[in-house]
Amino acid sequence: MANRQSLKDLQERLAQRLSAAKTEAVTASWLAVEAGGQRFLLPLVQSGEIFPWSAIQGVPYTKPWYLGVASLRGGLHGVIDLARLLGSDGGVSPHAERITSESRLVSFHHALGINAVLLIDRLLGLRNPANFSTLAQVPAGAPTYVSRCLLDMQGQTWLEIDFQGLSTEPEFLAIAA
């Protein structure tokens, strides 16, 4: 009898979690990621696919944040180290030493017309506006494509990256060193 009750409790908990997951997926606004120890929010409407880390071919005479190109689903994509692009790496080791099983490549939405992916250290899940308590001041000197700074309920700072703004930024488009 105890086994039956445990199974029933398990089924009820699973049903509640599935219901909560469906609600979160519908209302989620951002993909939460971490790169170089900093937390970022990537708008879902501007983000494309998420790929596991892939071997890249280096490109000489480019800026340090441009790691090279990777073949993903038959297309060539420029690979950008998000932490180094924003200068938030804080002296973190080079990307080759930071690559783990959690490292991912997040592509720009195809409508933006940029064949590029951002290297992130790990995915942190989906977030919606209800996960954040307040807007904070965008850090001084932050690039224009850092559209907002948000604080979550635990007091952690998150920077929202505007993919569209990034894709038109002259500094981003000029990769030559």
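Since the model is a prediction, treat every value here as computed from it, not as a measurement.
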- prompt: Do H109 and V45 have side-chain heavy atoms sitting under 4.5 Å apart?
  reply: no

- request: Check A116 against I80 and note the closest heavy-atom contact, atom names and distance.
  value: CB-CD1, 3.8 Å

Closest non-hydrogen atom pair, A83 against A35: CB-C, 3.8 Å

task: Kindly check if the number of other-residue, nucleotide or ligand heavy atoms within 6.0 Å of CD (E169) is above 12?
output: yes

- prompt: Does any N or O in the side chain of D162 come within less than 3.5 Å of the main-chain N or O of V146, such that one atom is a donor and the other an acceptor?
  reply: no

message: Nearest 0.5 angstrom please: L31 CG to R104 CZ, how far?
response: 11.0 Å

- request: Answer yes or no: is there a side-chain heavy-atom contact under 4.5 Å between T100 and S103?
  value: yes

message: Quick check: closest heavy atoms across A70 and A55, and the distance to 0.1 Å?
response: CB-O, 3.9 Å

message: Show, in sequence, the C-alpha distance, side-chain angles and deciding distance for Y61 and I175, and conclude whether the side chain to side chain contact (heavy atoms under 4.5 Å, CB included) test is met.
response: CA-CA 9 Å; Y61 309 113; I175 62 169; over 6 Å; no

message: Would you compute the distance between atom CG of L105 and atom CD1 of I120 and round it to the nearest 0.5 angstrom?
response: 8.5 Å

query: Using the ring of each side chain (for Trp, its six-membered ring), is F108 parallel, tilted or perpendicular to F163, with breaks at 30° and 60°?
result: perpendicular

- prompt: Roughly how far, to the nearest 0.5 Å, is the CD atom of E160 from the OG atom of S147?
  reply: 3.5 Å

message: Do V33 and W30 land in one hydrophobic cluster if side-chain heavy atoms of ILVMFWY residues count as linked below 4.5 Å?
response: no

Check: A174 main-chain N/O paired with K63 side-chain donor or acceptor under 3.5 Å: yes

query: So do the side chains of L159 and Y145 get within less than 4.5 Å of each other, counting heavy atoms only?
result: no

query: Shared ILVMFWY cluster between L126 and I161, side chains joined below 4.5 angstrom?
result: yes

- prompt: Applying the side chain to side chain contact (heavy atoms under 4.5 Å, CB included) test to V117, which of V106, L72, I56, I50 qualifies?
  reply: L72

Cluster link L82 to I114, ILVMFWY, side chain under 4.5 Å: yes

- prompt: Would you say the side chain of Q156 lies within less than 4.5 Å of the side chain of L151, judging by non-hydrogen atoms?
  reply: no

query: Applying the 4.5 Å side-chain criterion to the ILVMFWY set and letting contacts propagate, would L166 and L150 be lumped into a single cluster?
result: no

D81/Y66 under side chain to side chain contact (heavy atoms under 4.5 Å, CB included): CA gap, chis, key distance, verdict: CA-CA 6 Å; D81 185 337; Y66 189 82; over 6 Å; no

message: Return the OG to NE2 distance between S54 and H77, rounded to the nearest 0.5 Å.
response: 11.0 Å

- prompt: Tell me, do W65 and L119 make a side-chain contact under 4.5 Å, heavy atoms counted?
  reply: no

- prompt: Hey, what do you get for CG (N131) to CD (Q154), rounding to the nearest 0.5 Å?
  reply: 8.5 Å

Donor-acceptor pair, side chain of T62 and main chain of A177, under 3.5 angstrom: no

query: Going through the distances and angles, do T157 and C149 end up as a side chain to side chain contact (heavy atoms under 4.5 Å, CB included)?
result: CA-CA 7 Å; T157 302; C149 182; 3.3 Å; yes

query: Transitively linked via ILVMFWY side-chain contacts under 4.5 Å: I99 with F51?
result: yes

- prompt: How long is the span from the CH2 atom in W158 to the CG atom in L42, to the nearest 0.5 Å?
  reply: 10.0 Å

query: Without hydrogens or angle criteria, can the side chains of S107 and E49 be said to hold a donor-acceptor pair below 3.5 Å?
result: no

message: Does S133 form a side chain to side chain contact (heavy atoms under 4.5 Å, CB included) with D152? I'd like the steps, not just the answer.
response: CA-CA 5 Å; S133 59; D152 65 13; over 6 Å; no

task: Verify the neighbour count for atom CD of Q137: are there more than 12 heavy atoms of other residues, nucleotides or ligands below 6.0 Å?
output: no

